[in-house]
Every structure is written in C-alpha cells, then in structure tokens.
Amino acid sequence: MEKLYAMLEEIRPDVDFRSVNTLVSDGYIDSFDIVTIIASIEDGFSVEIPVDSMLPENFDSVESMMKLINAAKEK
C-alpha cells in the first residue's frame, strides 16, 4: 500500500490520502485526478482497470483503490 500512497502523494501532494476516506465524496479529488490516478495505477502496478470499475466509489479511499488493484491483478 505504501507504493500507492507514494503515487497518490506525487499526483496530489496537498491531499492527506492516509487519513481521508471520502476523497471523491468530499471533493478532495476530481474526475481529472481520477484519470491521472488510473494511468499511474495501470503503469505502476502493471494492471488494466476495467472501464466498468471506473466509478467514484472505487476512488473514495486508498483502501478502495487497493481493492480495485487487487481485483485487476486477479484477471
């Protein structure tokens, strides 16, 4: 999970990804950030995020992003 934290903090150093669990819901990150995060996850973790998984709730917390990554690794 540290790798994901590092990636996210590089994209948005102004957001406390370690304590916020409502990243999308409360407007900490927007759709443009999500596109950047998806690209970083796909490159950094060598996975492909399916289009049907690109939902705001999958990016609301680091934990939900890790679940998304782990699910993509299983495919």
Discussion item. Tell me every residue that passes side-chain contact (heavy atoms from CB on, under 4.5 Å) with V35, counting only those two or more places apart in sequence or in another chain.
Written reply: none
Item to complete: For D26, enumerate each residue passing the salt bridge (charged side-chain N to carboxylate O under 4.0 Å, His left out) test, keeping only those at least two apart in sequence or located in another chain.
Response: none
Worksheet entry | Non-neighbouring partners of E9 that pass side-chain hydrogen bond (donor to acceptor under 3.5 Å, both in side chains), sequence neighbours left out | R18
Practice prompt. Determine, stepwise, if the pair D43 / S40 fulfils side chain to side chain donor-acceptor pair (under 3.5 Å).
Written response: CA-CA 5 Å; D43 290 343; S40 293; over 6 Å; no
Discussion item. Would K3 and F45 count as a cation-pi pair here, with the cationic atom under 6.0 angstrom from the ring centre and within 45° of the axis?
Written reply: yes
Response to the item:
Heavy-atom closest pair (F17 atom, L23 atom, distance to 0.1 Å) is CD2-CD1, 3.7 Å
Worksheet item: Take atom CD in E57; do more than 12 heavy atoms of anything else shown fall under 6.0 Å from it?
Response: yes
Worksheet item: Heavy-atom distance under 4.5 Å between the side chains of V24 and I34, does that happen here?
Response: yes
Item to complete: Not counting sequence neighbours, which residues clear side-chain contact (heavy atoms from CB on, under 4.5 Å) with K67? List them please.
Response: none
Practice prompt. Please answer whether the main-chain N or O of S64 pairs with a side-chain N or O of S61 as donor and acceptor at a distance below 3.5 Å.
Written response: yes
Worksheet item: What residues, two or more places apart in sequence or in another chain, satisfy salt bridge (charged side-chain N to carboxylate O under 4.0 Å, His left out) together with D60?
Response: none
Worksheet entry | Expected output: side-chain N58 to main-chain M54 donor-acceptor under 3.5 Å | no
Item to complete: Can you sort out the partners of E42 under side-chain contact (heavy atoms from CB on, under 4.5 Å), two or more places apart, ordered by chain and number?
Response: I38, E48, I49
